[in-house]
Q: 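Have a look at the structure that comes next, please.
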Amino acid sequence: MSTLSPLGKIAFNAQALAKFVPAVVRSGIVGSEGGPVAAATLPGTLARYWFTTAREIEQGAAQNPHRNALIDDDGVLSYGQMRDQSKRLAKWFLEVQDREGLDELHIGVMARNGRGILLPMTAKGYAGSTLYLLNVGSSPEQILGCIEENNINVLLVDDEFADRIPTDYPGLTVGYAHTSQPHTDYPSVKEIVHAPDNGYKLPVWPKHGNIVLMSSGTTGIPKGILRPEPKLPLVLAGLLEKLPWRAGMTVQMSASMFHTWGWSATNIAFGARNTVVTQRHYDPRKVFEQIVNYKCDALVSSPIFFKQMLELEDNEKYDTSSLKFIASAGHALTPEIVRTMNDRFGPILANIYGSTELTLAAAASAEEVAADPTVAGHISSGTVLKLYDDNDQEVSQGSVGRIFLNNSTSLVGYSNPNTKLVKIGDLVEMGDLGYFDKQGRLHVLGRVDDMIIVGGENVYPASVSDILEPMPGIADLYAGGVDDEKTFARIAVWIVRSDDEAGRNLTADAVRDWVRDNLANHSIPRDVNFVDELPRNAVGKVVPRFLPESVRED
């Protein structure tokens with residue numbers, strides 16, 4: 001860790017381990033379920049599979065093979081069934097490797113939530129390979145670029161993305177992760193896992209390649225973020241200290257599993273021997289129905305999906321009293337989302353802060369979020385997080401700085417060696433600005449490149465969004481910076497009007513007046529753009545480059 005001596009690193013990790021063990025034990029994740037025989041398998045699975053999805057499924061099958069592991073659009077899989085089907089898929093991977101004469105397996109998966117992504121994710125650990133979780137929003141050109149840049153030699157895609165499969169690409173074996181209808185051109189995961197055993201032997205000690213998550217860039221080749229499978233995820237203690245996540249729960253998982261939040265949360269759920277309930281295409285009504293029908297203990301999702309749930313006019317008719325907690329990540333929570341979520345579900349909304357490159361950084365409990373919706377939380381155990389100014393000097397408590405961190409789940413680099421990390425010592429820049437409050441909790445103000453200077457004053461577009469979000473007549477909005485010849489930069493907003501009288505009567509002047517009444521003059525938007533919808537990517541984030549050009553109103 002940055003600035004720590006070798007002895008200091010040992011002491012730091014020992015402190016993190018001292019938090020990790022009781023947090024895991026308290027959660028019930030490490031327990032005696034399955035009896036002494038199942039408990040005896042624990043050291044072996046850890047040694048062979050580390051903290052991979054394969055280990056979680058293997059241990060779950062040893063402890064309770066008949067417990068439901070997954071409920072998705074295709075039905076139900078127990079832990080025993082997931083283990084057996086994942087091993088059969090892993091043997092198919094080895095068959096392909098032998099048939100094609102491959103030195104290493106580089107498996108790309110482009111699939112939505114469900115067994116289409118989870119079985120390959122688990123098989124990766126059994127076969128010993130590198131796995132690339134491709135963004136479902138990627139274009140055919142981007143997919144081809146990912147294949148070429150990362151030497152992907154096995155590609156599994158949902159059949160809805162069949163038009164993005166490169167045709168006649170040499171050395172590429174293709175299969176369908178999920179199928180909506182019969183196909184004859186490529187084998188499907190469903191066919192593979194139900195076919196007779198091919199006799200291939202899985203390695204006793206698999207070689208654990210990286211799990212590579214791809215950035216959600218809208219142009220160019222998405223960046224491949226190299227992340228090693230952790231041997232001991234000490235950062236998990238920080239999350240378990242803030243969430244009542246316990247063994248044996250049923251978890252509704254709306255977070256996208258090809259993205260860092262969904263991938264990591266799903267592994268935590270399987271590690272806790274939870275039942276994961278999910279759906280391939282997000283439908284807020286179906287989420288409510290799944291919570292009710294399966295008496296879900298937890299909801300793991302993102303703010304954009306929460307907003308869609310609350311927009312259902314009859315959402316109150318669903319009994320969600322079974323929920324013990326709601327975990328949010330992927331986007332920043334806003335005061336309005338926190339208020340409306342707590343009004344609907346009670347004060348059970350917790351916040352997890354991290355990034356695609358650096359996973360978990362901080363966590364805030366539901367009590368902390370209810371008291372202060374802007375808090376990102378306390379820094380997770382096993383994590384060094386510091387704030388630096390533009391001269392790479394560490395800032396004092398209360399001062400705004402660039403966020404840098406490192407822990408055992410941080411990326412080790414990018415698949416393209418020409419993509420450089422911004423580092424100070426061992427710490428990697430997250431690309432966000434933040435500050436620490438007097439309680440040592442992190443607050444995140446937004447992206448470094450989002451902050452603009454208006455007439456010498458720092459303005460964070462997120463602060464304008466937070467103020468405007470509860471304004472009557474606004475259904476959706478985005479705030480960002482635009483050039484200004486007088487002040488060099490100025491705030492602009494893009495607004496989707498609500499379908500009611502307030503929305504029909506909403507004017508640009510009313511928007512500016514609302515901001516003027518709540519923020520300083522330099523935060524008042526120069527441009528107010530009314531649009532039919534905001535361009536969002538596959539995980540719900542607004543893509544600024546696809547916004548219509550801002551129109552100035554003097």
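Remember, it's a predicted structure, so these values are computed and weren't measured experimentally.
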Q: Tell me whether Lys190 at atom NZ has more than 12 heavy atoms from other residues, nucleotides or ligands lying less than 6.0 Å away.
A: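 No, not enclosed.
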
Q: Donor-acceptor pair, distance only, cut-off 3.5 Å: does the side chain of Trp261 make one with the backbone of Ser301?
A: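 Yes, Trp261 side chain to Ser301 backbone: donor-acceptor pair under 3.5 Å.
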
Q: Do any N or O atoms from the side chain of Gln308 and from the backbone of Phe305 form a donor-acceptor pair under 3.5 angstrom?
A: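 No.
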
Q: Does one side chain, of Arg83 or Ser78, offer a donor that lies under 3.5 Å from an acceptor on the other?
A: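 The criterion, which ignores hydrogens and geometry beyond distance, is not satisfied for Ser78 and Arg83.
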
Q: Considering all heavy atoms of both residues, which atom of Gln252 and which atom of Gln290 are nearest to each other, and what is their separation?
A: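 Smallest interatomic distance, heavy atoms only, reads NE2-OE1, 2.8 Å.
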
Q: When you compare the side chains of Thr278 and Asp72, does any donor N or O come within less than 3.5 Å of an acceptor on the partner?
A: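 Checked: Thr278/Asp72 side chains show no N/O donor-acceptor pair below 3.5 Å.
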
Q: For the residue pair His331 and Ile304, establish whether any side-chain heavy-atom pair is separated by less than 4.5 Å.
A: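 Result yes, sub-4.5 Å side-chain heavy-atom pair found.
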
Q: For Ser264 and Thr260, indicate whether the former's side chain and the latter's backbone hold a donor-acceptor pair under 3.5 Å.
A: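 Judged by distance alone, yes, a pair lies under 3.5 Å.
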
Q: Drop me the distance from Leu118's CG to Thr53's OG1, to the nearest 0.5 angstrom.
A: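 Spacing of CG (Leu118) from OG1 (Thr53) equals 7.5 Å.
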
Q: Would a distance-only check, ignoring hydrogens and angles, find a side-chain to backbone donor-acceptor pair under 3.5 Å from Arg99 to Leu94?
A: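 No; judged by distance alone, with no hydrogens or angles, the pair does not exist.
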
Q: Can you tell me how far the CG atom of Leu547 sits from the OH atom of Tyr478, to the nearest 0.5 Å?
A: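 Rounded to the nearest 0.5 Å, the CG-OH separation comes to 6.5 Å.
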
Q: Do the side chains of Leu360 and Ile352 get nearer than 4.5 Å, heavy atoms only?
A: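 Result yes, sub-4.5 Å side-chain heavy-atom pair found.
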
Q: Measuring from atom CD1 of Ile291 to atom NZ of Lys286, what distance do you get when rounded to the nearest 0.5 angstrom?
A: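 With rounding to 0.5 Å, CD1 (Ile291) is 13.0 Å from NZ (Lys286).
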
Q: Contact between Thr173 and Tyr186 at the side-chain level, heavy atoms closer than 4.5 Å - yes or no?
A: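 In short, these two side chains do not touch, never coming nearer than 4.5 Å.
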
Q: Assess the residue pair Met110 and Ile143 against the criterion (side-chain contact (heavy atoms from CB on, under 4.5 Å)); give the C-alpha distance rounded to whole Å, side-chain angles, the decisive distance to 0.1 Å, and a yes or no.
A: CA-CA 9 Å; Met110 186 176 182; Ile143 295 300; 3.5 Å; yes

Q: Do the side chains of Lys91 and Asp98 get close enough for a salt bridge, i.e. N-O under 4.0 angstrom?
A: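 Salt bridge between Lys91 and Asp98, a charged N being under 4.0 Å from a carboxylate O: no.
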
Q: For the atom pair CD1 (Ile57) and CE (Met121), what is the distance rounded to the nearest 0.5 Å?
A: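 Here the interatomic distance stands at 10.0 Å.
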
Q: Assign the ring pair Phe288 / Tyr318 to parallel, tilted or perpendicular, where the plane angle (0 to 90°) is split at 30° and 60°.
A: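 Plane angle under 30°, so parallel.
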
Q: Side chain of Arg273, backbone of Gly271: donor and acceptor closer than 3.5 Å?
A: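 Present.
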
Q: Less than 3.5 Å apart, any donor N or O on the side chain of Asn210 or Thr130 sitting next to an acceptor on the other?
A: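 No - no donor-acceptor pair under 3.5 Å links their side chains.
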
Q: Are the aromatic ring centres of Phe258 and Trp263 under 6.0 angstrom apart?
A: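 No, ring centres 6.0 Å or more apart.
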
Q: Can you confirm whether Arg115 sits close enough to Val189 that some side-chain heavy atom of one is under 4.5 Å from a side-chain heavy atom of the other?
A: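 They are not in contact (no side-chain heavy atoms under 4.5 Å apart), so the answer is no.
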
Q: Test Leu134 against every option in Leu155, Val109, Asn150 by the side-chain contact (heavy atoms from CB on, under 4.5 Å) rule and name the one that passes.
A: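 For Leu134, the side-chain contact (heavy atoms from CB on, under 4.5 Å) check succeeds only for Leu155.
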
Q: Counting only heavy atoms not in His66, do more than 12 fall under 6.0 Å of its NE2?
A: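 12 or below, so no.
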
Q: Grab the two heavy atoms, one from Ala332 and one from Pro303, that are nearest each other, plus how far apart they are.
A: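 What the structure gives for the nearest pair is O-CG, 3.9 Å.
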
Q: Quick check: does any side chain N or O of Gln97 sit under 3.5 Å from a backbone N or O of Asp103, one acting as donor and the other as acceptor?
A: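 Yes, the answer is positive, given that a donor and an acceptor are paired below the 3.5 Å cut-off.
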
Q: Can you confirm whether His208 sits close enough to Thr52 that some side-chain heavy atom of one is under 4.5 Å from a side-chain heavy atom of the other?
A: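 Yes, side chains in contact.
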
Q: Check whether the side chains of Glu95 and Asn198 place a donor and an acceptor atom closer than 3.5 Å, and report yes or no.
A: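 Present: a donor and an acceptor within the cut-off.
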
Q: With a 4.0 Å cut-off on N to O distance, would you call Lys87 and Asp197 a salt bridge?
A: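 Judged by the 4.0 Å cut-off on N to carboxylate O distance, Lys87 and Asp197 do not form a salt bridge.
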
Q: Is any side-chain N of the basic residue among Lys307 and Asp476 closer than 4.0 Å to the acidic one's carboxylate O?
A: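 Asp476 and Lys307: salt-bridged.
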
Q: Start with the C-alpha gap between Asp159 and His183, add the side-chain angles, then the distance that decides, and say whether side-chain hydrogen bond (donor to acceptor under 3.5 Å, both in side chains) holds.
A: CA-CA 9 Å; Asp159 64 355; His183 294 272; 2.8 Å; yes

Q: Which pair of non-hydrogen atoms, one from Ser322 and one from Cys296, has the smallest distance, and what is that distance?
A: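 Closest pair (atom of Ser322, atom of Cys296, distance): OG-O, 2.6 Å.
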
Q: Less than 4.5 Å apart, side chain to side chain, heavy atoms only: is that true for His281 and Glu160?
A: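 SC-SC contact between His281 and Glu160 confirmed.
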
Q: Look at Arg48 together with Glu58 and state whether they make a salt bridge at an N to O cut-off of under 4.0 Å.
A: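 No, Arg48 and Glu58 are not salt-bridged.
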
Q: Any chance you could lay out the side-chain contact (heavy atoms from CB on, under 4.5 Å) test for Phe325 and Lys242, step after step, and finish with the verdict?
A: CA-CA 10 Å; Phe325 71 87; Lys242 299 297 183 179; over 6 Å; no

Q: With side-chain contact (heavy atoms from CB on, under 4.5 Å) as the test, would you mind laying out the steps for Leu349 and Leu333 before giving the verdict?
A: CA-CA 10 Å; Leu349 175 63; Leu333 284 172; 4.0 Å; yes

Q: Would you say that Asn113 contacts Arg280 through its side chain, given a criterion of any heavy-atom pair below 4.5 Å between the two side chains?
A: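 No, side chains not in contact.
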
Q: Which atom pair, heavy atoms only, marks the closest approach of Asn64 to Tyr79?
A: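 Minimum heavy-atom contact is O-CB, 3.9 Å.
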
Q: Which heavy atom of Val287 sits nearest a heavy atom of Ser254, and at what distance?
A: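 That closest heavy-atom pairing would be CG2-OG, 3.7 Å.
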
Q: Taking CD in Glu533 as the centre, count heavy atoms belonging to other residues, nucleotides or ligands within less than 6.0 Å. Is the count above 12?
A: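 12 or below, so no.
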
Q: Under the salt bridge (charged side-chain N to carboxylate O under 4.0 Å, His left out) rule, what do Asp158 and Arg164 come out as? Steps first, then yes or no, please.
A: CA-CA 10 Å; Asp158 288 350; Arg164 306 184 203 180; over 6 Å; no

Q: Of the non-hydrogen atoms in Ala247 and Asn274, which two are nearest, and what is the gap between them?
A: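 Heavy atoms of Ala247 and Asn274 come nearest at C-ND2, 3.9 Å.
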
Q: Is a side-chain donor-acceptor pair under 3.5 Å present for Tyr176 with Asp185?
A: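 Asp185 vs Tyr176: donor-acceptor pair found between side chains.
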
Q: For Glu191, does its backbone N or O pair with a side-chain atom of Ser188 as donor and acceptor, under 3.5 Å?
A: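 Looks like yes, one N/O pair under 3.5 Å.
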
Q: Taking atom OG of Ser129 and atom CG of Leu102, what is their separation to the nearest 0.5 Å?
A: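 The distance works out to 11.5 Å.
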
Q: When you look at Glu149 and Asn416, which way does the side-chain hydrogen bond (donor to acceptor under 3.5 Å, both in side chains) test go after all the steps?
A: CA-CA 7 Å; Glu149 185 171 280; Asn416 185 337; 3.1 Å; yes

Q: Could you walk me through whether Leu312 and Arg285 pass the side-chain contact (heavy atoms from CB on, under 4.5 Å) test, one step at a time?
A: CA-CA 8 Å; Leu312 292 178; Arg285 188 171 301 280; 3.7 Å; yes

Q: By the ring-ring contact (aromatic ring centres under 6.0 Å, His included) test, which pairs, at least two apart or in different chains, include something from residues 111-136?
A: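 Matches after skipping sequence neighbours: Tyr49-Tyr126, His106-Tyr132.
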
Q: Salt-bridged, Asp314 to Lys317, with N to O below 4.0 Å?
A: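 Result for this pair is yes, salt bridge flagged.
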
Q: If you define the side chain from C-beta out and look only at heavy atoms, does anything of Thr275 sit under 4.5 Å from Leu70?
A: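 No - every pair of side-chain heavy atoms lies 4.5 Å or more apart.
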
Q: Hey, what do you get for CG (Leu105) to CZ (Phe93), rounding to the nearest 0.5 Å?
A: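 Result: 7.5 Å between the selected atoms.
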
Q: For Gln63, is there any backbone N or O sitting under 3.5 Å from a side-chain donor or acceptor partner on Gln59?
A: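 Such a contact is absent between Gln59 side chain and Gln63 backbone.
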
